[in-house]
Amino acid sequence: MKDKKFQDFSPVDKQTWIDQAIKDLKGEDFEQRLITKSMEDFSIFPFYTAEDAEAINWVKEYENQVNPPSGIPGMPPRIWANAVKVGGESEEASHEEIRFVLESGADGLIVELSGKEDLDEVFKDVLLQYIQIWIKPVGDPSKGLLAFFEWVDRQSIDHPHLNGGVLWDGLVQGFDQPIQLKEQLDKVLFLHELSKPYPHFKSICLDTATYHNAGATAVQEIGYGMAALVELMDGLTEKGAKPDAVFQDLFLFTAVGSNYFMEIAKLKTFRMAMHQLSSLYQVALKPEDLQIFTRSSVWSKSRMGLSNNLLRNTTEAMSAILGGCNTLFVEPHDKCFKSPDAFSKRMARNISNILKEECYFDKVIDPAAGSYYVENLIHSLQEHSFQLLESLEDEGGWWQAYQKNKIQETIKAVRRKKFDLLANGENLMVGVNQYVDFREEKAYAREDYPEEAYQLKPFSQSFPVERTL
């Protein structure tokens with residue numbers, strides 16, 4: 001613009017804005033009325049200015065470091081994969097679904113493997129080198145992965161062209177069944193050694209979606225996730241693994257909920273925190289080389305108001321992309337009470353494509369860069385999550401906290417608080433405690449409502465079974 005429209009307006013500092021707000025409140029307390037206390041236990045101001053950003057310039061060092069540029073000419077700057085979970089009652093049915101979703105907009109597959117499948121039939125005519133493939137083991141993870149790699153080698157696929165990873169975290173398995181740390185580390189190390197010939201296929205999964213879907217705050221997700229990563233790093237390096245090889249083979253598997261800006265900040269904080277942690281192990285890892293696999297939240301979905309679930313899926317996908325995910329998996333919006341049908345699967349699959357092709361989310365690599373609000377959320381999340389990490393390390397680390405049920409108990413307390421806030425109306429959730437469509441309620445029985453990841457076990461002893469909303 002050639003004409004300067006605002007030259008007659010003098011700059012206004014933040015304190016002047018606050019003074020004006022106090023005046024307009026006519027005696028009401030500024031902090032109580034306008035400053036929000038988040039579930040993460042830090043304050044959120046009603047507005048932020050450049051003054052707030054000056055003290056946290058370190059955040060700007062991570063701007064636009066979301067994904068490496070593509071080596072293919074003409075590709076957009078922002079790249080993420082649209083992953084879809086597939087499977088059928090037989091190898092033939094699985095193959096048909098794989099072919100269908102790849103022809104309908106997916107470019108990533110999540111496949112359950114036990115090691116007994118006929119992979120020639122499952123992946124018939126599928127060019128794995130052009131998509132991401134994520135293996136979700138059934139039973140012993142080594143059996144499924146061994147069978148998969150043997151099949152890949154028979155197809156003469158160049159090892160660097162295999163992209164994806166293993167959706168299995170040896171430590172969070174302890175929330176579903178009893179585990180021993182040494183045995184789990186041995187399994188993780190075996191998978192790590194097995195996948196070394198495939199540089200872009202990640203075998204070390206840091207699963208923090210489990211915490212999210214049990215009701216944890218963003219601070220707990222990051223803090224407990226980083227503590228688990230320290231436990232893995234220390235255990236694996238003691239067994240002879242090289243720190244740089246471990247970080248190259250590592251990816252984050254997390255979930256994104258409906259707290260829009262907080263979830264954007266959470267993913268950004270995760271990338272920064274993992275990069276900072278890698279530097280402590282003297283690993284020169286670029287922030288954009290960290291793989292973040294993000295799924296839509298289970299916690300945020302309700303058995304009433306499925307249209308609201310569909311909208312939540314959309315905003316969660318937006319948060320995931322703007323936060324910097326490299327792989328996005330959107331669960332069907334009706335999965336919380338029944339087996340998804342063709343329509344809900346299609347809606348879930350299309351969300352990522354619509355955000356890319358019609359909303360142009362792939363045209364700007366980091367749209368949230370420079371946001372005073374998001375930057376301050378990142379700073380607060382980083383500060384509080386690292387305090388949690390330090391307190392866990394002072395008490396012996398993630399494994400000691402897990403054995404003492406400290407992780408389980410603290411998440412359970414937050415979970416109950418969230419339920420209480422919804423029950424008394426302090427927090428609003430459309431379709432649950434506001435604008436409820438009671439015509440839908442009679443259609444769903446509680447026994448039709450799967451528990452899935454809504455509780456953490458053997459959280460079963462200290463974490464009573466509670467169903468989601």
Side-chain angles (χ1 to χ4, degrees), residues 38-41 167-177 179 184 204-232 250-259 262-271 273-274 277 292-301 316 319-320 323 325 329 331 381-382 384-393 395 397-419 451-466 468-469:
S38 71
M39 286 296 300
E40 287 72 20
D41 199 32
L167 295 172
W168 183 88
D169 182 328
L171 295 185
V172 300
Q173 295 297 307
F175 297 133
D176 189 56
Q177 59 191 10
I179 62 171
Q184 297 305 100
I204 302 178
C205 173
L206 181 64
D207 179 0
T208 65
T210 299
Y211 306 124
H212 172 91
N213 286 323
T217 67
V219 166
Q220 288 173 324
E221 290 180 62
I222 299 169
Y224 292 141
M226 292 300 101
L229 179 53
V230 171
E231 197 77 61
L232 281 172
L250 173 72
F251 74 97
L252 173 68
F253 175 50
T254 189
V256 169
S258 296
N259 192 348
M262 186 69 75
E263 297 296 339
I264 293 173
K266 182 182 77 177
L267 290 195
K268 285 177 164 288
T269 306
F270 258 127
R271 187 177 295 279
M274 294 175 73
L277 192 60
I292 299 180
F293 184 117
T294 304
R295 60 166 294 175
S296 57
S297 173
V298 175
W299 169 265
S300 67
K301 304 307 182 292
E316 289 166 12
S319 292
C325 75
F329 169 42
E331 286 270 24
L381 284 173
Q382 197 257 12
H384 284 72
S385 60
F386 272 62
Q387 288 175 359
L388 176 57
L389 171 59
E390 290 170 3
S391 68
L392 285 173
E393 290 302 302
E395 297 172 9
W398 186 94
W399 178 249
Q400 291 296 322
Y402 161 78
Q403 286 189 308
K404 295 175 182 177
N405 279 332
K406 182 173 181 178
I407 297 172
Q408 298 92 315
E409 291 295 334
T410 54
I411 292 179
K412 181 173 70 173
V414 171
R415 176 192 179 92
R416 286 178 171 169
K417 182 179 179 180
K418 288 184 176 181
F419 275 117
E451 293 170 4
E452 280 205 354
Y454 306 147
Q455 77 264 348
L456 299 180
K457 303 175 292 185
F459 281 39
S460 56
Q461 298 176 355
S462 60
F463 199 90
V465 172
E466 297 172 342
T468 191
L469 296 171

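As the structure is a computational prediction, the values presented were derived from the model and not from experiment.
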Engineer: So Q400 and E395, side-chain contact (heavy atoms from CB on, under 4.5 Å) or not? Walk me through it.
Structural biologist: CA-CA 7 Å; Q400 291 296 322; E395 297 172 9; over 6 Å; no
Engineer: Going by heavy atoms in the side chains, are L167 and R295 under 4.5 Å from each other?
Structural biologist: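 Result no, sub-4.5 Å side-chain heavy-atom pair not found.
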Engineer: Specify the closest pair of heavy atoms between S300 and E316, including all atoms of both residues, with the distance to one decimal.
Structural biologist: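 Smallest interatomic distance, heavy atoms only, reads OG-OE2, 2.5 Å.
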Engineer: In Å, rounded to the nearest 0.5 Å, how long is the span from OH of Y211 to CD of Q408?
Structural biologist: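 Between atom OH of Y211 and atom CD of Q408 there are 9.0 Å.
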Engineer: Tell me, with the steps shown, if V219 and D41 meet side-chain contact (heavy atoms from CB on, under 4.5 Å).
Structural biologist: CA-CA 9 Å; V219 166; D41 199 32; over 6 Å; no
Engineer: How about K266 and N259: do any of their side-chain heavy atoms sit closer than 4.5 Å?
Structural biologist: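 Side chain of K266 against side chain of N259, heavy atoms only: no contact under 4.5 Å found.
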Engineer: Under a 4.0 Å threshold between the charged nitrogen and the carboxylate oxygen, would E409 count as salt-bridged to K412?
Structural biologist: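 Salt bridge: yes.
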Engineer: Of the non-hydrogen atoms in L389 and V230, which two are nearest, and what is the gap between them?
Structural biologist: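 Distance-wise, the nearest heavy atoms are CD1-CG2, 4.4 Å.
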Engineer: Rounded to the nearest 0.5 Å, what's the gap from NZ on K418 to CD1 on I411? Could you check?
Structural biologist: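 It is 9.5 Å, given to the nearest 0.5 Å.
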Engineer: Kindly give the heavy-atom pair with the smallest separation between A216 and E221, and that separation in Å.
Structural biologist: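 Looking at all heavy atoms of both residues, the shortest contact is O-OE2, 4.1 Å.
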Engineer: Say you draw a straight line from OH of Y224 to NE2 of H212; how long is it, rounded to the nearest 0.5 Å?
Structural biologist: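 Y224 OH to H212 NE2: 16.0 Å, rounded to 0.5 Å.
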Engineer: Is the side chain of S296 donor-acceptor paired with the backbone N or O of E331 at a distance under 3.5 Å, no angle test?
Structural biologist: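 Looks like yes, one N/O pair under 3.5 Å.
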Engineer: Which value, rounded to the nearest 0.5 Å, describes the distance between F270 atom CZ and T254 atom OG1?
Structural biologist: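 Between F270 CZ and T254 OG1, I get 4.5 Å after rounding to 0.5 Å.
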Engineer: Can you name the closest pair of heavy atoms from A320 and T294 and give their distance?
Structural biologist: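 Looks like CB-CG2, 3.7 Å.
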Engineer: CD/E231 to CG/L392 distance, rounded to the nearest 0.5 angstrom?
Structural biologist: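 Taking CD in E231 and CG in L392, the distance rounds to 10.0 Å.
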Engineer: Begin with the C-alpha distance, continue with both residues' side-chain angles, and end with the deciding distance and a verdict on side-chain contact (heavy atoms from CB on, under 4.5 Å) for W398 and L232.
Structural biologist: CA-CA 10 Å; W398 186 94; L232 281 172; over 6 Å; no
Engineer: With a 3.5 Å distance limit and no angle check, can you tell me whether Q173 reaches the backbone of I179 through a side-chain donor-acceptor pair?
Structural biologist: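 Such a contact is absent between Q173 side chain and I179 backbone.
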Engineer: Nearest heavy-atom pair of K301 and S297: which atoms, and what distance?
Structural biologist: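 Nearest pair, atom of K301 first, then S297: NZ-O, 2.7 Å.
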Engineer: Any non-hydrogen side-chain atom of F293 less than 4.5 Å from a side-chain atom of C325?
Structural biologist: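 Answer no - side chains too far apart.
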Engineer: Going by heavy atoms in the side chains, are S38 and M262 under 4.5 Å from each other?
Structural biologist: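 They are in side-chain contact.
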Engineer: Test F386 against T269 for side-chain contact (heavy atoms from CB on, under 4.5 Å), laying out the working first.
Structural biologist: CA-CA 11 Å; F386 272 62; T269 306; over 6 Å; no
Engineer: Does some side-chain heavy atom of M226 sit less than 4.5 Å from a side-chain heavy atom of I222?
Structural biologist: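 Yes, close enough: below the 4.5 Å cut-off.
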Engineer: Between the side chain of E263 and the main-chain N/O of V256, is any donor-acceptor distance below 3.5 Å?
Structural biologist: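 Flag not set: sc E263 to bb V256 has no pair under 3.5 Å.
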Engineer: Would you give the length of the straight line joining atom CD of Q220 to atom OG1 of T410, rounded to the nearest 0.5 angstrom?
Structural biologist: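 Answer for the CD-OG1 pair, Q220 versus T410, is 5.0 Å.
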Engineer: Of all the heavy-atom pairs spanning A214 and R415, show the shortest one and how long it is.
Structural biologist: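 Scanning both residues completely, I find the closest heavy atoms to be O-NH1, 3.2 Å.
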